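Everything numeric here is computed off the predicted structure, so don't read it as measured data.
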Amino acid sequence: MEDKGFDRRAFLKSAVAGSAAAATVSLPQAADAQKPAAVAPAGDGYTYFGPDEAAFVEALVDHMVPADELTASGTGLGLHIFIDRALAGSWGKGDRLYMQGPWKPGVPSQGYQLPLTPAALYRAGIAATNRHCMKTYGKLFDHISESEREAVLRDLDNGKLVFDDGPPSRVFFAIVYQTVMEGMFSDPIYGGNRNKAGWKMLGFPGVLAVHQQNITNFKNKKFPGEPMGIADMS
Amino acid sequence: MAKKLKEVDVVLVGLGWTGGILAKELTEAGYKVVALERGAMRTTENDFAVPKIRDELRYANRQDLMQDTARDTLTIRNNPSQEALPMRRLGSFLPGEGVGGAGSHWNGVTWRWADTEFRIRSLYEERHGKKYIPADMTIQDWGITYAELEPYYDRFEYTAAVSGKAGNLRGTKQPGGNPFEGARAREYPLPPLVSSLAGDLFSTAATNAGFNPFPCPTANASRAYTNPDGAKFGGCQYCGYCERFGCESNAKGSPHITVIPIAMRNPNFELRTYSWVTKVLKDSDGKRVTGVTYTNTLNGEELEQPAGLVVLCAYAINNVHLMLLSGIGAPYDPVAQKGVVGKNYCYQTGASATLFFEGKYFNPFMGTGGLNARTDDFHTNWDFDRGPFGYVGGSTLTGGMTNGRPIGYRPVPAGTPRWGKKWKAESAKWYNSAMTVGSSGSVMANRYNYYDLDPTYRNAFGLPLMRMTFDYKENEHKMSRHMAQVINELSKSMNPTSMNPASARTDPWTVVPYQSTHNTGGTIMGTTPATSVVNKYLQSWDCHNLFIMGASVFPHNSAYNPTGPVGALAYRAADTLKNVYLKKPGPLVSA
């Protein structure tokens, strides 16, 4: 097909060059450039979490996935947005969850038995954890120190933390852990794993997977290349 | 009152592997067949296309192709003294839903179960004496032989594009294959898959230990293939999205690319999707069935489909559920030890070690459903003397991985923190440099492992949920302890940098995490109506025009995956129906 009067590729190139030039021009006066978190990617607003909950989740994902040479921080990877979207969507609202009573705690081998959707469980768990933090440290979870946060998460994980009127702490942490991992390693189309950083960290090549020859040619060899996501192939 | 439809020759409940096989065979024989499938239509082009299908979150974690537990699930308990509670979402096992059933999202592993299974009670009693079998272990001979099934195993393997290496051709042992398998008339239709590094390391170690490793037989086409019915397969791309996903390359043996489209081209066949069967209807004398009642879930209408022959082809669990809901056959009672429907529910067990090798690249993301090496030395090998270990049954050993999908697969050495910088560093370091050695183990039938109807909880149709009572017994604990020891010795011989050793599975069975979708029993086959629901032709002892397909007819579970005999038994039942039963309906075995 012949392009008439409009070269899309050339336009894109000039647009990129243009924005780079603009950035160069504004650099001397941009003290804000030191705050990368302020330049949130488009579409980052919350659809489920309220402000306190958002602050909790941002502190949570940045603690569990700290920035280092391997990846950006949890918020830099979009894990908070992944979780917000997951809870706002059908899964968060209890899609495929059997929600008929009677409700009984049962024994651990019987699995999840709470009358809460994932979204409601998250909300109740955040509120209960924040109450615990207020009682213990006089501050909300997002304001306590890193070592205090570590202690809270460990006690959630091992079930030592007992909420007076909330879900079992381990059950809450199970969904926290599940969603953080899902956000870090699922396809970026869901809002997490930004720049496929979770996949790059592991060396997972993503969704393009035509390995009939590779399985022989790369036996016991590192497989090269940048990972591809669903959006890259659509 | 249900609207009554025009009678047809045959109604099939469910359209996966067994329903597909019967649909093709019976329509070709000239019978009018209606298949009622509770789920949706599924095709490769619409449902399994790249890139959409390569979505781990949607298909592996959110289980998009599986049964919707909001509408129908089971209640679960470990023993009769507990109160059963609903499995509120899927975990330990994943029943399929939709055209193709679990046959579209299985791994493809296809075994030939042998006479060591079919004659299990006789063999153990002959060798070890009657007392060797615990009093509460309700195993029984199946009433069939390997020789009877051999032609049907062959037929299923050639239909489903199974790749593998024969170990026994007409009685002559073949190097590279499984030396313990039964005699086969000919080779597999396709050569084995390419071996992975993990498979190579396992095979070398297993050979050095005196075992007999071989490539896993699996319906992942090792190259392009056209089956005897003309269905075309692409060659497997080792994409790592096999189990829980449909195959975009048509390289996985699946009913939706083989038997089902052939049936659908036949004017004798009619498929009705979104059709949820709630009851099999009995005649007034109780000796025949007259059809089924079902709900069209697109509009809620209740319909009655009369039929001369009813065949249950749903997932194993749902076949048992429908029998209990329909009141056909006596429900099993573990206290009185009477009744048969629901009896001998079995599952599988296992153990595994993770081995870490600094400097090696396993590329776990290059994988497919059956990409591993196996040994059968502790399973079908009847020379393996169980006596010193004191258990019945056995385990296959496996080396290798089927995928490296990163939400589910991130091996780290034991003791690694679960989050933070150290967790990230270890995850990054070992993702590509680890492999697993594991076992898949049989589960013997037990008096207290069974299904019945739950007294409390109901499904979306207001019908009682099925109740599953199950736990591993001492027999399985003994086997798991033995296998953990074997796995750890074998793994150490491979000199890994470090390893997370296998530990024996002795805790109660739990509904999470995922373990295996190899649920067997509940409508078991056998030689008498007192001890079984169906005879060796899978015909109901109670109603001679009702047949039951699938793994619910297995009287116990072996270490092997169930689909080989599921397919073979369905082909055999189709032949029996065409050549014998439908010409002169009546009981095929006198009670």
Side-chain angles (χ1 to χ4, degrees), chain A residues 63-66 68 70-71 91 94-100 102 104 106-114 150 153 157 177-178 180-182 184-187 189-190 198-199 201-212 214-216 218-223 228-234, chain B residues 50-52 54-57 61-63 68-70 73 76-78 82-91 194 196-197 200 235-241 360-363 365-367 371 404-407 410 418-421 424-425 427-428 431-432 456-458 507-512:
Chain A
H63 183 92
M64 291 180 71
V65 183
D68 57 15
L70 290 168
T71 73
W91 177 77
D95 186 34
R96 292 175 170 262
L97 186 61
Y98 181 82
M99 288 292 276
Q100 309 299 313
K104 305 197 174 177
V107 293
S109 63
Q110 291 174 309
Y112 185 76
Q113 293 296 336
L114 295 177
E150 180 68 14
L153 293 185
D157 188 25
Y177 195 82
Q178 176 191 339
V180 169
M181 294 302 138
E182 286 172 352
M184 185 148 174
F185 298 109
S186 62
D187 194 282
I189 208 159
Y190 293 103
W199 291 354
M201 177 182 114
L202 300 177
F204 175 68
V207 303
L208 185 66
V210 185
H211 294 314
Q212 200 172 45
N214 296 338
I215 190 153
T216 301
F218 289 93
K219 189 180 269 192
N220 205 10
K221 288 181 195 153
K222 191 174 172 63
F223 184 67
M228 298 266 274
I230 290 172
D232 300 322
M233 292 180 70
S234 300
Chain B
V50 169
K52 182 182 80 160
R54 301 266 168 84
D55 184 341
E56 183 184 11
L57 183 71
N61 299 74
R62 305 287 186 255
Q63 302 153 346
D68 179 355
T69 42
T73 183
I76 302 283
R77 59 181 179 176
N78 287 126
Q82 287 178 343
E83 182 173 9
L85 295 178
M87 177 175 73
R88 294 189 179 276
R89 58 163 55 103
L90 296 176
V194 173
S196 64
L197 175 63
D200 291 350
C236 176
Q237 296 297 327
Y238 303 84
C239 73
Y241 293 81
K360 287 202 195 308
Y361 293 96
F362 289 98
N363 294 326
F365 43 83
M366 297 178 192
L371 186 70
R405 298 188 301 264
I407 301 174
R410 280 174 282 104
R418 297 185 69 213
W419 59 83
K421 286 186 181 174
K424 287 173 68 180
S427 301
Y431 172 75
N432 217 338
T456 307
Y457 293 93
R458 291 182 176 262
D507 291 335
W509 171 69
T510 66
V511 74
V512 282

Cation-aromatic face contact B:Arg405/A:Phe204, 6.0 Å, 45 degrees: no
Greatest number of heavy atom pairs closer than 4.5 Å to chain B - which of A:Val65, A:Thr216, A:Val107, A:Asp157: A:Asp157
Residue pair B:Asn432 / A:Phe223, side-chain heavy-atom distance below 4.5 Å: no
A:Ile189, part contacting chain B, at a heavy-atom distance under 4.5 Å: neither
B:Tyr241 side chain reached by A:Val207 side chain, heavy atoms, under 4.5 Å: yes
B:Glu56 side-chain N/O to A:Glu182 backbone N/O, donor-acceptor pair under 3.5 Å: no
Salt bridge (Lys or Arg N to Asp or Glu O under 4.0 Å) between B:Asp200 and A:Lys219, worked out: CA-CA 10 Å; B:Asp200 291 350; A:Lys219 189 180 269 192; 2.7 Å; yes
Between OG on residue A:Ser186 and CG on residue B:Asn61, distance to nearest 0.5 Å: 8.5 Å
B:Leu57 side chain reached by A:Phe185 side chain, heavy atoms, under 4.5 Å: no
Closest-packed option against chain A by number of heavy-atom pairs under 4.5 Å, given B:Leu85, B:Thr510, B:Val512, B:Leu197: B:Leu85
Which atom of B:Asn363 lies closest to which atom of A:Lys221, heavy atoms considered: ND2-O, 3.0 Å
Main-chain N/O of A:Gly229 paired with B:Arg54 side-chain donor or acceptor, under 3.5 Å: no
Leading residue by heavy atom contact count with chain A [cutoff under 4.5 Å; candidates B:Gln63, B:Arg88, B:Arg418, B:Lys424]: B:Arg88
Leading residue by heavy atom contact count with chain A [cutoff under 4.5 Å; candidates B:Lys52, B:Arg62, B:Lys421, B:Lys360]: B:Arg62
Which atoms of B:Thr69 approach chain A - backbone, side chain, both or neither, heavy atom under 4.5 Å: both
Any donor-acceptor pair under 3.5 Å from B:Glu83 side chain to A:Gly106 backbone: no
Contact origin within B:Phe365 toward chain A - heavy atom pairs under 4.5 Å: both
Pair A:Asn214-B:Tyr238, side-chain donor/acceptor within less than 3.5 Å: no
Side chains of A:Gln110 and B:Arg77, donor plus acceptor under 3.5 Å: no
Heavy-atom contact with chain B under 4.5 Å, split by part of A:Asp232: neither
B:Met366 to A:Phe218 - nearest heavy-atom pair and separation: CE-CB, 4.1 Å
A:Tyr98 six-ring face occupied by B:Arg89 cation (under 6.0 Å, within 45°): no
Chain A contact via B:Arg410 - side chain, backbone, both or neither, heavy atoms under 4.5 Å: side chain
When A:Met184, A:Gln178, A:Met201, A:Glu150 are compared by non-hydrogen pairs under 4.5 Å with chain B, the top option: A:Met201
Heavy-atom pairs under 4.5 Å with chain B, option from A:Asp95, A:Asp187, A:Thr71, A:Leu97 with the top count: A:Leu97
Interface moiety of A:Met99 toward chain B, non-hydrogen atoms closer than 4.5 Å: backbone
Pairwise side-chain contact, A:Val210 with B:Cys239, heavy-atom cut-off 4.5 Å (strictly under): no
Per-residue contact mode, B:Leu371 against chain A (heavy atom under 4.5 angstrom): side chain
Donor-acceptor contact below 3.5 Å, side chain A:Asn220 vs main chain B:Tyr361: yes
Working for side-chain contact (heavy atoms from CB on, under 4.5 Å), residues B:Val511 and A:Tyr112: CA-CA 9 Å; B:Val511 74; A:Tyr112 185 76; over 6 Å; no
Proximal component of A:Met228, with respect to chain B [non-hydrogen, under 4.5 Å]: neither
Contact class of B:Ser427 relative to chain A, heavy atoms under 4.5 angstrom: both
Flag side-chain contact, heavy atom, 4.5 Å: A:His211 against B:Gln237: no
For B:Asn78 against A:Ser109, the heavy-atom pair lying closest together: OD1-OG, 2.7 Å
Beyond-backbone contact of B:Trp419 with A:Pro66, side-chain heavy atoms, under 4.5 angstrom: no
Option that, when pairs with chain A are counted at under 4.5 Å, heavy atom only, ranks first among B:Cys236, B:Gly367, B:Gly91: B:Cys236
